[in-house]
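First the structure, in the form of structure tokens, and then the observations on it.
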Amino acid sequence: NAGVTQTPKFRVLKTGQSMTLLCAQDMNHEYMYWYRQDPGMGLRLIHYSVGEGTTAKGEVPDGYNVSRLKKQNFLLGLESAAPSQTSVYFCASSWDYYEQYFGPGTRLTVT
Amino acid sequence: DQQVKQNSPSLSVQEGRISILNCDYTNSMFDYFLWYKKYPAEGPTFLISISSIKDKNEDGRFTVFLNKSAKHLSLHIVPSQPGDSAVYFCAPPAGSARQLTFGSGTQLTVLP
């Protein structure tokens with residue numbers, strides 16, 4: 001039981017490049033979330049999903065897209081990376097309305 | 001508009017003493033509160049929670065107190081241990097998917 005895993009752990013992009021972050025969970029959770037954390041700040045919600053095939057915008061969705069084609073996977077895409085997207089990205093999942101389980105994070109640097 | 005505020009960015013305490021971490025909120029619709037603990041280079045992990053119908057919840061060395069009239073929570077850790085050194089986030093769930101609203105966190109350092 002791996003819990004929540006994120007791929008990759010680190011990535012450096014140049015401005016304008018694209019990439020996809022993969023989140024996978026093996027707990028059969030319905031809810032999945034993508035957050036970003038910037039220095040000195042708490043985590044902020046980018047997008048979330050309440051079930052397979054559904055997605056919704058969070059607090060800071062601009063510049064990101066997501067897809068939830070399979071229940072266990074939640075993908076976060078950056079179509080044209082910008083330096084402002086340099087951050088640590090966390091994926092989380094939950095089966096109820098309360099406790100969320102987080103992955104280890106992806107550290108992204110955009111130069 | 002920050003709905004959840006943790007006004008102390010850092011706190012240092014001696015091993016064995018009590019650590020008190022504070023959280024203030026503005027949204028009276030929050031009905032549940034979670035505390036998460038985060039070590040460097042790891043994701044947050046759930047620590048303890050409290051429902052708005054209670055004013056105290058205890059789990060081992062950790063106790064959370066809720067003062068609804070003041071819109072204030074506090075997390076007490078006693079006795080504090082060096083392994084408790086981490087960033088602590090207050091995070092009430094809200095919204096249609098109960099997404100978490102995080103405070104900015106408090107870095108706790110427990111000195112041996």
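Every chain is numbered from 1 and lettered A, B, ... according to where its sequence line falls, protein lines coming before strand lines. It should be emphasised that the depicted structure is a prediction, and the values quoted were computed from it without experimental measurement. Scope of the values below: all heavy atoms of this structure, side chains included, with no hydrogens, waters or symmetry mates.
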### Query
Looking at CZ of B/Phe46 and OH of A/Tyr101, how far apart are the two atoms once the value is rounded to the nearest 0.5 Å?
8.5 Å

### Task
Kindly check if the number of other-residue, nucleotide or ligand heavy atoms within 6.0 Å of CZ (B/Arg17) is above 12?
no

### B/Pro9 versus chain A, the contacting section by heavy-atom distance below 4.5 Å
neither

### Task
Nearest 0.5 Å please: distance from the CD atom of A/Gln100 over to the CG atom of B/Leu34.
8.0 Å

### Query
A/Leu43 versus chain B, heavy atoms under 4.5 Å apart: side chain, backbone, both or neither?
both

### Query
Taking all non-hydrogen atoms of both residues, which atom of A/Phe90 and which atom of B/Gly43 are closest, and how far apart?
CE2-CA, 3.5 Å

### Per-residue contact mode, B/Glu42 against chain A (heavy atom under 4.5 angstrom)
backbone

### Task
For residues B/Ser104 and A/Gly40, report the shortest heavy-atom separation together with the two atoms involved.
CB-O, 3.8 Å

#### Entry: Path from A/Val60 to A/Met19 over hydrophobic side-chain contacts below 4.5 Å
yes

### Task
Decide if atom CD of A/Glu79 counts as having more than 12 heavy atoms of other residues, nucleotides or ligands within a radius under 6.0 Å.
no

#### Entry: Over 12 foreign heavy atoms within 6.0 Å of NZ, B/Lys5
no

### Query
Under a 4.5 Å heavy-atom cut-off, does chain A meet the side chain of B/Ala41, its backbone, both or neither?
backbone

### Crowding at CZ, A/Arg107 (>12 non-hydrogen neighbours, <6.0 Å)
no

### Query
Looking at OH of A/Tyr33 and CZ of B/Arg98, how far apart are the two atoms once the value is rounded to the nearest 0.5 Å?
9.5 Å

### Message
Quick check on A/Gln37 against chain B: is it the side chain, the backbone, both or neither that has a heavy atom closer than 4.5 Å?
### Response
side chain

### Query
Within the distance-only criterion (no hydrogens, no angle test), does the side chain of A/Tyr35 pair as donor or acceptor with the backbone N or O of B/Leu100 below 3.5 angstrom?
yes

### Query
side chain to side chain contact (heavy atoms under 4.5 Å, CB included) between B/Tyr36 and A/Glu99: does it pass, once the steps are laid out?
CA-CA 10 Å; B/Tyr36 278 81; A/Glu99 182 182 346; 4.1 Å; yes

### Which residues share a side chain to side chain donor-acceptor pair (under 3.5 Å) with A/Asn73, sequence neighbours left out
none

### A/Val4-A/Val66 co-clustered via ILVMFWY side chain contacts under 4.5 Å
no

### Cluster link B/Ile50 to B/Phe62, ILVMFWY, side chain under 4.5 Å
yes

